[in-house]
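Following: one structure in structure tokens, then a few remarks.
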Amino acid sequence: MALLQISEPGMSTNPHEHRLAVGIDLGTTNSLVATVRSGVAETLPDGEGRHILPSVVHYSADAVTVGHDAKRRAALDPLNTIASVKRLMGRGVDDLKVLNGHVPYEFVAGEGGVPRIRTVGGDVTPMQVSAEILRALRARAEASLGGELSGAVITVPAYFDDAQRQATKDAATLAGLNVFRLLNEPTAAAIAYGLDKGQEGVIAVYDLGGGTFDISILRLSKGVFQVLATGGDSALGGDDFDRAIAEWIMQEAGMAGESDHQRMRKLMMDACAAKEALSDSDETELSIQVAGDQVWNGCITCEQMNCLIEPLITKTLAACRRALRDAGVSKEEVIDVVMVGGSTRVPHVREQVAAFFGREPRVDIDPDRVVAVGAALQADVLAGNKPDEEMLLLDVIPLSLGIETMGGLVEHIIPRNTTIPVARAQEFTTFKDGQTAMSLHVIQGERDVVDHNRSLARFTLRGIPPMVAGAARIRVTYQVDADGLLNVTAREELSGVQAGIEVKPSYGLTDNEIETMLTDSMSHAREDMEARRLREQQVEADRVLVALEAALAADAELLDASERQAIDKARDGLVAARTAEDSETIKRAIKDVEKASEGFVARRMNQSIRKAMAGHRVEEFE
Amino acid sequence: MNLDFSQNHFELMGLPVGYALDLAALDDAYRKLQGKLHPDRFAQAGDQERRMAVQGAAWVNEAYATLKDDTRRARYLLTLQGVEFNDERDTANDPEFLMEQMELREALEEAPEVSDPLARLDTLSADIAARRKALGEAFDSAFGDHRMDEAKALVLKMRFYDKLRDEALRTAERLEDELL
């Protein structure tokens, strides 16, 4: 029996139709969007042929500008022009004090510890600023592809912690994007290089962007990208090169103590221009506005710049050494080193990396575009456009996940560089007689003392039946999904009392805040929240129906007559609900289908495990 | 109804139950299973299937990590035989072994003071790895002969070396950080 086909533009239920999917590189300095067309992955240009979108957002009293236009306003209106917002993602007000002097904005503490940036257009969170960039890229992609996007793969630095990943996902939600996956940038680059094709062995991806540094060590084998270890610094990048050069200029030009935002912004731009000029010449002239109409003229040589940035490069190489050690491989085993990120254009970076690994790094794909291209290739696979593709990515968590124990110490539950998805549990007990509640503090980082790590979340397990100290058995389970996002549950085993949270980071947005922000942005676009919910449920309903149809076509024999009848009934209910124009009705009908088919889904998965291993066993006996 | 987690890790990977390990076969089985179960294979499926895939893939990852690591594999073999471990109380009580541990620990602590500390740490790490490997071989024969108490004592000793190995890594990291 064939299923009813229901489709409307952009939401086809035909599994064989090409779905529009994009890869997005949401960078500190620049962002890009790419897609696969006719089998080729390419970045998409704007109406004026420009591929790069500067990650800059300008707020005026009544309008938001993104990209090149916003960047032009940076020097004139620094307080209302947000650049490098990626550095603020998932950070709390306290973290931002560290950035003091590095960013000119005025911060306001918001609810739940999420800092807001004060602009003439209102106070905005870093997630909202990122969402503006994502929205611009989405609009570009939809205009150029001529339809609504089915989903996107968004890249994040491999070294991003849970809070930073969650913030990125929240930004995508605000921009109305369906996120197929958060993908680590170095992994995306490895895909773009097509390093799976016929190549076997260990490769290193050195990714130095505008504001983040990542090193990933991967083992490639028959289309499988297995990340062995990753490391880096989520606050180190080309911006820091610029800053080092700018500080040198200030010293030379006698500008110490300068605090004028506009002049500082201009100086940073001059420093960046000097860095770029020194990529292919030995020295460059400087002409710096010191105060009023006064101008300082000078010159910086390549050698001087190399000296200034040397300590920063040394820091990246230490991270490389650590990642190699974590991966358990030697430098000699690395058969290829891939360079990613605009900052790897600096010749001294390439020289140092070449010297460290003892081989010339690969630079054949534009280091600015390589991440977006890799993300697009993965998006195409996840959209189901390449059903026979064997590519598989096995990634890891970059930083250990732990829990606070007595005396402010950290007990690690999942060590860094564990392959995801992963679930691990640990048992704890009560400290006092009659204790009925236990507060849990979720930590990410390597240090033994809580204060030196990132605090991800706190929650409380209540309702533990009173017992003597040490009698309760509280099982805490950490589960990390394929996006690297953590979910924690706690359960008292004797009584069954349970508490859980999706780790909404200490510095994250609550679901309510996201809803409010969405409603706010919708009212601009004159779109209705309920209409949006309805569409989301319709898409999910279609997804469930298509998947069920395919499952029934393949494995109907796993069901007996009564099970089949129950599934058919629930399915017919969903098909009817799908036309009901009410999100709650559809949601309930989806739940009914899930309930009726739960056993069937599990049996199919069990069968596929057996089938996967069946061939294996036969080979062994031959 | 859930995924069938009743198979032990060896059965799941299609490997014979034992300490000796065919690493290539393990890698191969692991990739085949993740090829079927990884959540990326269910990107277009409904929520329920995706959740189940996350569980399944996590299970396969756990099995792989357990079998791949010598100490974890040895310990797992014993738990399959009903031998129980108690992390709070179990420890090694062989005085000669404990003396050796103290000496190695002291050597680690003193390593940062020598002229080429990183090279010293490399040597120590290699020494620790060799001793751990020898224990693994002793475990293999004890386990093969069903001398379970002896096998358990060897696993507990292997854990001491794991801790030393981790300590050596951390010391090296600290030294490198200080060089910056």
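Reminder, nothing fancy here: chain letters follow the sequence lines and each chain counts from 1.
Distance check, rounded to the nearest 0.5 Å: NZ of Lys611(A) to NZ of Lys32(B) gives 15.0 Å. Rounded to the nearest 0.5 angstrom, Arg219(A) CZ and Asp27(B) CG are separated by 7.0 Å. One finds the CG atom of Asn61(B) at 9.0 Å from the OG1 atom of Thr418(A) (value rounded to the nearest 0.5 Å). Separating the CZ atom in Arg325(A) from the CG atom in Leu169(B) is a distance of 6.5 Å, to the nearest 0.5 Å. In this structure, Asp481(A) CG and Arg51(B) CZ are separated by 12.5 Å, a value rounded to the nearest 0.5 Å. In this structure, Tyr30(B) OH and Leu394(A) CG are separated by 4.5 Å, a value rounded to the nearest 0.5 Å.
The candidate from Arg424(A), Arg322(A), Gln479(A) with the greatest count of non-hydrogen atom pairs under 4.5 Å with chain B is Arg322(A). In terms of heavy-atom pairs under 4.5 angstrom with chain B, the leader among Val480(A), Leu382(A), Val601(A) is Leu382(A). Note on Ala383(A), Ala550(A), Ala541(A), Ala551(A): by heavy-atom pairs under 4.5 Å with chain B, the leading option is Ala383(A). Ranking Val422(A), Val381(A), Ile609(A), Val544(A) against chain B, the residue ahead of the rest is Ile609(A), based on heavy-atom pairs under 4.5 Å.
The salt bridge (Lys or Arg N to Asp or Glu O under 4.0 Å) analysis of residues 113-123 of chain B, with sequence neighbours excluded, yields no pairs. Applying the ring pair (Phe, Tyr, Trp, His ring centres under 6.0 Å) test to residues at least two apart or on different chains, none of the pairs has a partner in residues 114-136 of chain B. Residue pairs meeting the ring pair (Phe, Tyr, Trp, His ring centres under 6.0 Å) criterion with at least one member in residues 79-100 of chain B, sequence neighbours excluded: Phe97(B)-Phe160(B), Phe97(B)-Tyr161(B).
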For a salt bridge (Lys or Arg N to Asp or Glu O under 4.0 Å) check, start with the C-alpha distance between Glu446(A) and Arg174(B), then their side-chain angles and the critical distance, and finish with the verdict. CA-CA 12 Å; Glu446(A) 308 312 314; Arg174(B) 255 199 314 274; over 6 Å; no
Does the pair Arg31(B) and Leu392(A) meet the rule for a side-chain contact (heavy atoms from CB on, under 4.5 Å), with working shown? CA-CA 9 Å; Arg31(B) 290 184 187 133; Leu392(A) 181 66; 5.7 Å; no
Lys595(A)/Gln48(B) under side-chain contact (heavy atoms from CB on, under 4.5 Å): CA gap, chis, key distance, verdict: CA-CA 9 Å; Lys595(A) 215 171 151 212; Gln48(B) 170 179 256; over 6 Å; no
Go through Glu598(A) and Met52(B) one step at a time and tell me if the side-chain contact (heavy atoms from CB on, under 4.5 Å) criterion holds. CA-CA 10 Å; Glu598(A) 197 182 6; Met52(B) 223 177 264; 4.2 Å; yes
Take Arg50(B) and Arg543(A), measure what side-chain contact (heavy atoms from CB on, under 4.5 Å) needs, and give me the verdict at the end. CA-CA 12 Å; Arg50(B) 287 201 298 252; Arg543(A) 210 200 297 271; 3.7 Å; yes
Tell me, with the steps shown, if Arg321(A) and Glu173(B) meet salt bridge (Lys or Arg N to Asp or Glu O under 4.0 Å). CA-CA 9 Å; Arg321(A) 204 172 294 126; Glu173(B) 277 173 13; over 6 Å; no
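When every heavy atom of Ala547(A) is checked against every heavy atom of Glu49(B), the shortest pair comes out as CB-OE1, 4.0 Å.
Heavy-atom distances place no part of Ile590(A) under 4.5 Å from chain B, backbone and side chain included. Interface remark: Glu594(A) contributes backbone and side-chain atoms alike to the contact with chain B (heavy atom separation under 4.5 Å). The contact between Arg181(A) and chain B is made entirely by side chain atoms (from C-beta outward), counting heavy-atom distances below 4.5 Å.
Inspection of non-hydrogen atoms places Gly35(B), Lys36(B), Leu37(B), His38(B), Pro39(B), Asp40(B), Arg41(B), Phe42(B), Ala43(B), Gln44(B), Ala45(B) of residues 35-45 of chain B under 4.5 Å from chain A.
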